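Residue numbers count from 1 along this sequence. The model shown is predicted, which means the values in this text are computed figures rather than measured ones. We use all heavy atoms of the structure for the numbers below, so side chains are in, but hydrogens, waters and symmetry mates are not.
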Amino acid sequence: MMCHRSSWILSVASAVALVGILAHNPAWPSPEPGGEPKLRLVWGGKIQIDDLWVQDAAMIDDQKMVLVGTKAGAEEDDPNKLEPNGAILDLATKKTRPFTNGHTARICSVAVRRGLIATAGICRDPMVRIWDVKAGKTIHQIGLEEVLKAGGLEREQPWEHTEQAVAWFHKSDTLAVASDDHVVLLNPAKADKPLGVLEVPDPDKNSTDRPITVSPDDAWVACPLVKGPYSEARVVFWQVKTAKPMVVSLVPVEAIEMHNWWVNGVVFGPKNQLFAWREGKSEVKPGTTEAEALKAKRPVVQIGLTDVPKGKCTPLPLGENNLAVQSCAIDPNGQWLALVGFTESNTKVHLYHLPSRKLVCREQIKEDATPVWAAFTPGGKRLVYATHKGDVRWWDLCE
């Protein structure tokens, strides 16, 4: 399946490379008159983590985070050089310590719940590993093939570069692991049998892709869906109770070629708000008006769970049409949505008030690396993002 994401990120980063330093501009409060929501991003700090190309990251608490990926400079298409690497970063002290957790190949995905860090890599390293932050050690190593066999399931050996993904449930110790044509639900402490297996539709043609996400009520699981070498900008949903897959296409009806669209991510908010961000290079169909074309290019869409069975999504007037959104984050209260992406000249951070869809502040940064991850801290007082070259930056949120 997919080393497409990593190679695409690197090729885009090369295309837009601007060697420079932070061009920090004050956040711009919403210019609307009184009564409008206002929030400021106050510069917090930055750190460069050497020898790490970041694939994913997660907050451990309000000041510590874990970043995972591969050693800097490793050839993404050479399985012999996909050395795992990672770091635990303390934002308060700006100190890091190594985190590789026993993996033998590039680490693709990380998720944190109640002091436990779950990680997964490419299928050449088929183990899911659970690290206890307080104990400072691996406490579970889970072989997915063994779990599936224990559950009476067999599958063909996936391509060794297939990227696996992990996500914790919110109200239980269940871990969702996306790997090739399955999402396995398991309790790491009792991993001898799966709690459930969610299968993709038409598994001979389709596969899961990262990231995977779970709704706050644990009722839904969602992740991007790929078809052979193509994305086709689709998201697959499962209602955990029924395990029935449902697919929502993010390709606008005005697009000529669906193969030229892809999903960059999916995120649930605390109130079951669901947003996905997409990108495409396809031309629009003849006869499409300028207004329709602009709407079709909007990078962020909202998917209502009641619309999932209908395959519907709604493009939102957020971001800029030339902004390649690489990550979105929702604060713990569901009030603020942050977009991080890049244009031809710089990286941009946009912060929106979700109820009103108002842009309340924005930042511009000149750098030569593509942002790959963004999140609010669990307490909602800080916004953090990381690039694939190990550059981490953060802001405090102030009214």
Quick one: do the [X] and [Y] side chains pair a donor with an acceptor below 3.5 Å?
X: D217; Y: N272; value: yes
X: N101; Y: T119; value: yes
X: R382; Y: Q63; value: no
X: Q164; Y: S179; value: yes
X: N206; Y: R234; value: yes

Nearest 0.5 Å please: distance from the [atom1] atom of [X] over to the [atom2] atom of [Y].
X: I122; Y: Q55; atom1: CD1; atom2: CD; value: 9.5 Å
X: F169; Y: L195; atom1: CZ; atom2: CG; value: 8.5 Å
X: K297; Y: E279; atom1: NZ; atom2: CD; value: 12.0 Å
X: L116; Y: I130; atom1: CG; atom2: CD1; value: 7.0 Å
X: I212; Y: R210; atom1: CD1; atom2: CZ; value: 12.5 Å
X: T314; Y: D307; atom1: OG1; atom2: CG; value: 6.5 Å

Is there side-chain contact between [X] and [Y], with heavy atoms separated by less than 4.5 Å?
X: K295; Y: E254; value: no
X: V301; Y: W277; value: no
X: W238; Y: P245; value: yes
X: C361; Y: W336; value: no
X: T208; Y: P224; value: no
X: P216; Y: K271; value: no
X: I303; Y: F237; value: yes
X: D209; Y: W262; value: no

Do you know the tightest heavy-atom contact between [X] and [Y]?
X: W373; Y: M59; result: CH2-SD, 3.8 Å
X: A375; Y: A329; result: CA-CB, 3.6 Å
X: G45; Y: K94; result: CA-NZ, 4.3 Å
X: P371; Y: V340; result: CB-CG1, 3.4 Å
X: K389; Y: W53; result: CA-CD1, 3.9 Å
X: P332; Y: P378; result: CG-O, 3.1 Å

Q: Mind jotting down which residue pairs meet the salt bridge (Lys or Arg N to Asp or Glu O under 4.0 Å) criterion with at least one end in residues 107-121? Sequence neighbours excluded, please.
A: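 Those involving residues 107-121 are R113-D173.
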Q: Write out all pairs satisfying salt bridge (Lys or Arg N to Asp or Glu O under 4.0 Å) with one or both partners inside residues 126-136, taking only residues at least two apart or from two chains.
A: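 Listed once each, the pairs are D125-R129.
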Q) With sequence neighbours excluded, what pairs up with D51 under the salt bridge (charged side-chain N to carboxylate O under 4.0 Å, His left out) test? A)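 Counting only residues at least two positions away or on another chain, D51 forms a salt bridge (charged side-chain N to carboxylate O under 4.0 Å, His left out) with K71.
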Q. Considering the options V372, N85, T387, D391, which one meets the side chain to side chain contact (heavy atoms under 4.5 Å, CB included) requirement together with V54?
A.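 Only one of V372, N85, T387, D391 forms a side chain to side chain contact (heavy atoms under 4.5 Å, CB included) with V54, namely V372.
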Q) Would V235 and L225 satisfy side chain to side chain contact (heavy atoms under 4.5 Å, CB included), going step by step from the backbone distance to the final call? A) CA-CA 5 Å; V235 179; L225 188 67; over 6 Å; no
For [X] and [Y], indicate whether the former's side chain and the latter's backbone hold a donor-acceptor pair under 3.5 Å.
X: T138; Y: H140; value: no
X: D62; Y: G379; value: yes
X: H350; Y: A338; value: no
X: R362; Y: V349; value: no
X: D218; Y: K171; value: yes
X: Q273; Y: G334; value: yes

Q. Which residue pairs pass the ring-ring contact (aromatic ring centres under 6.0 Å, His included) test when at least one of the two sits in residues 291-318, sequence neighbours left out?
A.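 The answer is none; no pair qualifies.
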Q) Do W168 and I139 belong together in a cluster built from hydrophobic side chains that touch within less than 4.5 Å? A)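 Yes, one cluster joins them.
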Side-chain donor-acceptor pairs under 3.5 Å in residues 284-294, sequence neighbours left out?
from: K285; atom 1: NZ; to: V253; atom 2: O; distance (Å): 3.0
from: T288; atom 1: OG1; to: K285; atom 2: O; distance (Å): 2.7
from: T289; atom 1: OG1; to: E292; atom 2: N; distance (Å): 3.1
from: T289; atom 1: OG1; to: E292; atom 2: OE1; distance (Å): 3.3
from: E292; atom 1: OE1; to: T289; atom 2: N; distance (Å): 3.0

**Q.** ILVMFWY clustering at 4.5 Å (side-chain atoms), partners of V112
**A.**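 In the cluster with V112 are I60, V66, V68, I88, F99, I107, V110, I117, W131, V133.
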Q: Any chance you could lay out the side chain to side chain contact (heavy atoms under 4.5 Å, CB included) test for I142 and M127, step after step, and finish with the verdict?
A: CA-CA 5 Å; I142 304 162; M127 304 294 289; 5.7 Å; no
Q) Is there a side chain to side chain contact (heavy atoms under 4.5 Å, CB included) between F342 and Q326 once you walk through the steps? A) CA-CA 8 Å; F342 59 83; Q326 299 302 295; 3.8 Å; yes
Q: Just say parallel, tilted or perpendicular for the rings of Y385 and W395, cut-offs at 30° and 60°.
A: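 Correct class here is parallel.
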Q: Could you walk me through whether I330 and L354 pass the side chain to side chain contact (heavy atoms under 4.5 Å, CB included) test, one step at a time?
A: CA-CA 9 Å; I330 304 176; L354 272 175; 4.0 Å; yes
Q: Quick one: do E163 and R106 satisfy salt bridge (charged side-chain N to carboxylate O under 4.0 Å, His left out)? Show the steps, please.
A: CA-CA 9 Å; E163 295 182 345; R106 180 181 70 225; 3.1 Å; yes
